[in-house]
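Computed from a predicted model, the values in this text were never measured in an experiment. Reminder, nothing fancy here: chain letters follow the sequence lines and each chain counts from 1.
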Amino acid sequence: MTSTGKIPKVDQTTSYDVLVVGAGLAGLRAALAVDPELSCVVLSKVYPVRSHSVAAQGGINAALDPEDRWQDHAYDTIKGSDYLADQDAAEFLCEDAARAVYEMEHWGTLFSRRPDGRIAQRSFGGQGYPRACYAADKTGRALYQTLFERAVAQRITVFEEFFVVSLVVAEGRVAGVLAIEIASGRLMAIPARTVIFATGGAGMMYARTTNPYIATGDGLAIAYRAGVPLKDMEFIQFHPTTLPGMNVLITEGARGEGGYLLNAEHDRFMGRYAPKLMEVAPRDIVSRAIETELLEGRGFADGSVHLDLRHLGEDLIRHRLSEIYDFAITYRGINPVHEPIPVQPGQHYIMGGIATGLEGQTTLPGFYAAGECAAVSVHGANRLGANSLLDTLVFGRQAGLAATRFCREEPQAPPISEASWEEWQDRLATLRARRTPMHYGPIRARLRATMTDNVGTFRDRKRLQAARGELAALREVYAHAGVMDRGEVFNYDLLAFLETGFLLDLAATVVEGALVREESRGAHWRNDFPARHDDQFLKHFLCSWSADGPVVGEAPVAITHYAPKPRTY
Amino acid sequence: MGRGFKVRPATGLKRHPAQTLATYRTGTWAWMLHRATGLLILAYLYFHLIVLSSDVWFKGSADFNRVVGELTAPPFILADLLLFVLILYHALNGIRIMLFDLGYGIGHQREWFWGLMGVGALLMVAASVALLPLAHL
Amino acid sequence: MGTVGSDVVFQVMRYDPRRDVEPYWAEYDVPVDDGDTVLMSLMRIRESQDGSLGFRASCRSGICGSDGMVINGRSRLACKTQVAAMVALRGRVVLEPLRNLRYVKDLVVDQTPFWKKFRRVEPYLMPAGAPPAEERRMVMPQDAFDLLSKASDCIFCEICYSECPVNGIDRGFLGPQALIKAFRFEFDPRDDGAASRFAPLSNVEGAWRCRTTFNCTDSCPKGIPITEGIQRLKKKLAAETLAGLTPAYRSPTPVESPEDTSS
Amino acid sequence: MASSSHPPASGRSGTWPWLLQRVSAALLLFFVMAHLWIEHFMHLGARITYRTVLERLVHGFYVFVDAGLLGVVVFHGLNGLRSVLVENTNDPAAVRAVTTTLWVLGVATFVFGMDVLSPFLFGHPWFRL
Ligand SMILES: Cc1cc2nc3c(=O)[nH]c(=O)nc-3n(C[C@H](O)[C@H](O)[C@H](O)COP(=O)(O)OP(=O)(O)OC[C@H]3O[C@@H](n4cnc5c(N)ncnc54)[C@H](O)[C@@H]3O)c2cc1C
Ligand code: HEM
Ligand code: SF4
Ligand code: F3S
Ligand code: FES
């Protein structure tokens, strides 16, 4: 949104102090934390409210209750991460959680309430205490609207429908970004002293995903290409309960409120996998349990098991689970008050991301990342439900504050050279002019198929190597593919083409990480190595870009108070 | 590159697709009729004043009885009934709108509409019974 | 519905400002499976038939508001509309851009006026006093809370804006979305912003322009009782005017920056 | 969401026309019902003649009803017309012009209307005395 309401002309001579890419929760929270004295702009490839944060349903964790302690929250988070989380980061997250939630409340979020007027909380997967604050089953929307409205109140400038294609690096630090103004198709150079990436996930590399069409991992791939390493990319979260077909998410809150999972034999099978927590075990465990039931032939014909909410009663379902009530009816013609909902696991979240520290800082000076695209890492090998929204708010703010400090210390931004702009301009021109029958469509279809078949819940070396080969072949095809839309205005064909390139690069890092991690930990399960090996693999893998494909390095895991133990629920 | 697709010129297509009547629902029809009847009654008011004035002013009292006689001829009675329909509709829908303004019945706007239209129909029957005999004067 | 596995005709209004003088219809034969939404079919067209088809989309499950368009005559969300239902209605799927907003390309419209009006009602919480250390306790009757919560369900899809007949007549009318947003804050027990929202709302192009036509309520994909919210707003504004509590011709005061707890 | 301030809302308040339209509508309901009652039910069966009309009109209550009906109808109708006319203009000058014109028209109509009614009123023997 701009002051004139017209599409802004980006003046290539004005430099911004802080440039945030991504207007989801993480991006807006970062922008709101930037000192108002500094010039700050947020870029988003869609209108801010179309960001994926609005889709979050179940809740946001914080130890608010006097009986609960943030240390317990940290413990649950670390155990949930299969001890791969950096413990200092997890502690920071959980200690800051109450502040973050109260802040949103003061800004206006309409949380569901207890009878005495306090914020209501519900159980979530892998947690020893009901600490997910929620707004029915539309928590993401409630939080996002509040933050968005805050941004309106504070007159944060947003360049909406600007598609960032590249990060400009000069003199060893960040210099700005190159972005396409979607409404005009122009390529713009936008100089900035600091750049914060908050570009969200990359679910579009999988066929079954709860992610939106825009979750194509742009920020991750752009940072990766600019030389910033990606951390722990092999950890992809599969959410246990998505509607078959569309893979629309059925929130964990449905199980948190007491829903049962039943197989075709009407057995509450979770008893065999997580006898204590049952349905509210962490996601990796529940997803694998469901996949196992399906593989062993105890599922329903459409590749699903049933989520039964009927015993919860109509009132609870229609009030506290109103969205999924609507989803089940809209997309499956099923009324959850009277029938169980068919569910199957689907890709949901990437635990890995741009490697950052506690302040969102990366290896590139002036460049920060926060939210789903970053790996601080608090989620380690498996993210607990309702921790991601918290992550966006806490570390989004951290990044904004850090960028402010950086601007104080480093007054000048290096200029963006004509050459870096021309390089992309030429690339886009070549693309528009290229005549070829090869379109990105089939490439994406093959990418989704190979990732789903070979890099899904259960992995092994053979399948991962098959995926590696297929990805190499796809990159070859991609190099000669072209676009159908040669126009300028709202050329979504061109954007989708670029996104496909980003996805291909990212998929390669996922496969490489999964190949080197010869153990099973959290969401990463190797049939050929079904145990966790702390002596060898209690460390992060960092993927760096090189012309010949990803180079894998490593980094230690920060351990503070919680010694790794076997993980049972 | 995939399958072919057909293109045909859009004859009569406006650049700004206008709202077509088919997309209107009860509430919008109710409003359009409310506006139309309001304006028609206003027009009638002026017509009425002019007729009365010309007769009364220029022709004097003697003619009044004749005018009334003319006005009770069947076509005029029908016109009167039509006017009655307009006022009735406008008044009943006006009541509906004012109820909404006061906060009643918004959740059941359709039911209110049809309910009041039912009342209107009854009143119409009553009015016909009352007025039509006069036509034989 | 007889559409399963067979091809359905999608008739789409197309226009590229840099190339076409006039919009035109394009027809696509799209294979459709049972349960497919219009958006899934559009994506299928884009990925396997015609990549140049312009439309916005993101969440594909009716929560981000990207893909409002006129489908078989009415404004709907493509991702919440079943192809089979549309075929039952008209035998094919006819797609046009949203109404009451400037047409840009294919199914894309310029949303700028919509957002400007949204901003005009100062759509954010303006609490009185400094925030407490914990949450502001909020005890409300359940039905009042439910209505507020429902009003905050809005996904900015612009469908109400496209369907409201008054928006068609009056370019300046705030429109249902901005009004229901205002309602959401005006009736929040924590809010104290009535004085600064009064001017934009009671202005001739504000709440009073709404003619209670219910088209917005009937079409809102989130089922928000928009008209009810607007009516309550009108009542509140009328009461404020009568009580003379708020000077009627006051210009909106700039809101002072909230205590920034972040820096 | 901009660095500049919000566009100022124009100062014209729409509250009063709206409110008065409702008030006049409520009054109309009363007047119209009273009028219809008088016209059609009080003297049902009696022939409508100059004399009967005259008799009805001079009765104080009837005078009140008809004068009130006239005034309120004119206000309500013209105020409604105004809202239709200014619906798609933002130009304060144009709105003012419409409003003024309609006020002039309205007052004129009322005076004229009273004048039409006057022979009935002043034609009564009482006034002749
Ligand atoms: C269905 C669903 C339900 C969920 N429920 C929960 C929950 O209950 N609790 C919880 O804690 N977490 C939940 N999550 C996870 C959580 O919602 C996300 O991880 C989180 O919202 C990510 O926020 P973000 O700010 O990092 O990114 P997003 O909100 O995804 O925002 C990304 C932004 O980046 C912009 N962008 C991307 N690429 C570009 C580019 N090239 N140029 C310009 N801009 C770009 C986009 O426009 C967008 O504004 C859920 C996720 C899903 C999918
Ligand atoms: C009999 C009782 C009447 C009632 C209860 C009534 C009620 C109303 C109401 C509530 C409105 C406002 C509608 C809105 O804002 O959406 C209105 C508008 C209007 N009325 Fe009446 N009315 C009555 C009689 C009349 C008469 C006799 C006339 C003609 C002289 C008239 C002419 C109008 C006009 C022109 C409008 C404006 C229409 C619009 O804005 O769309 N009304 N009426
Ligand atoms: S009020 Fe409803 S129709 Fe209007 S923008 Fe919001 S969600 Fe869409
Ligand atoms: S459609 Fe428009 S007229 Fe009012 S009731 Fe809704 S805003
Ligand atoms: S794509 Fe998000 S609402 Fe349809």
With a 4.5 angstrom heavy-atom cut-off, is it the side chain or the backbone of [X] that approaches chain C, or both, or neither?
| X | result |
| --- | --- |
| A:Thr210 | backbone |
| A:Phe327 | side chain |
| A:Arg444 | side chain |
| A:Tyr213 | both |
| A:Thr109 | backbone |
| A:Arg118 | both |
| A:Tyr440 | side chain |

- Message: Over 60° means perpendicular and under 30° means parallel, so tell me whether C:Phe118 and C:Trp115 are parallel, tilted or perpendicular.
- Response: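 Taking C:Trp115 first and then C:Phe118, their aromatic rings stand perpendicular (interplane angle over 60°).
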- Item | Chi angles and distances behind the side-chain contact (heavy atoms from CB on, under 4.5 Å) call for C:Lys117, C:Gln177 | CA-CA 9 Å; C:Lys117 292 169 183 177; C:Gln177 197 274 343; over 6 Å; no
- Message: Please evaluate residues C:Asp20 and C:Arg14 with respect to the criterion salt bridge (charged side-chain N to carboxylate O under 4.0 Å, His left out), reporting the C-alpha separation (whole Å), side-chain torsions for both, the decisive distance (0.1 Å), and the verdict.
- Response: CA-CA 9 Å; C:Asp20 306 319; C:Arg14 298 218 45 190; over 6 Å; no
Residue among [options] with most heavy-atom pairs under 4.5 Å to chain A:
| options | result |
| --- | --- |
| C:Arg56, C:Arg184, C:Lys222 | C:Arg56 |
| C:Met140, C:Arg19, C:Arg46 | C:Arg46 |
| C:Lys105, C:Arg18, C:Glu134 | C:Glu134 |
| C:Lys181, C:Gln82, C:Gln142, C:Met43 | C:Met43 |
| C:Ser152, C:Gly54, C:Pro17 | C:Ser152 |
| C:Gly35, C:Ser66, C:Pro127 | C:Ser66 |

- Message: Centre-to-centre under 6.0 Å for C:Tyr15 and C:Tyr103, is that the case here?
- Response: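 For C:Tyr15 and C:Tyr103, the ring centres are under 6.0 Å apart.
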- Message: Please determine whether side chain to side chain donor-acceptor pair (under 3.5 Å) holds for the pair A:Asp485 and C:Ser52, giving the CA-CA distance in whole Å, both sets of side-chain angles, and the decisive distance to 0.1 Å.
- Response: CA-CA 4 Å; A:Asp485 190 348; C:Ser52 68; 5.0 Å; no
- Message: Side chains of A:Arg113 and C:Arg137, heavy atoms from C-beta outward: is any pair under 4.5 Å?
- Response: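 A side-chain contact under 4.5 Å is absent here.
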From [X] atom [atom1] to [Y] atom [atom2], the distance as rounded to the nearest 0.5 Å:
| X | Y | atom1 | atom2 | value |
| --- | --- | --- | --- | --- |
| A:Glu323 | A:Gln57 | CD | CD | 7.0 Å |
| C:Arg197 | C:Arg120 | CZ | CZ | 15.5 Å |
| C:Ser58 | A:Asn211 | OG | CG | 9.5 Å |

- Between A:Thr404, A:Ile214, A:Val49, A:Val46, the one whose heavy-atom pairs under 4.5 Å with chain C are most numerous: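 Going by pairs under 4.5 Å, I would pick A:Val49.
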- Item | Selection from A:Thr330, A:Leu64, A:Val248 maximising heavy-atom pairs under 4.5 Å formed with chain C |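 So the answer, after comparing A:Thr330, A:Leu64, A:Val248, is A:Thr330.
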Please state whether the side chain, the backbone, both or neither of [X] comes within less than 4.5 Å of a heavy atom of chain A.
| X | result |
| --- | --- |
| C:Pro132 | both |
| C:Arg190 | side chain |
| C:Thr37 | side chain |
| C:Asp153 | both |
| C:Phe185 | side chain |

- Query: Given C:Val12 and C:Phe55, is the side-chain contact (heavy atoms from CB on, under 4.5 Å) satisfied, shown in steps?
  - Reply: CA-CA 11 Å; C:Val12 187; C:Phe55 60 91; over 6 Å; no
- Item | Pair A:Thr436-A:Arg434, side-chain donor/acceptor within less than 3.5 Å |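 No, no side-chain donor-acceptor pair sits under 3.5 Å.
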- Task: Identify whether NZ of Lys or CZ of Arg in C:Arg232 sits under 6.0 Å from the centre of the six-membered ring of C:Phe183 and within 45° of that ring's axis.
- Result: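 Because its charged atom misses either the 6.0 Å distance or the 45° angle limit, C:Arg232 does not stack over C:Phe183.
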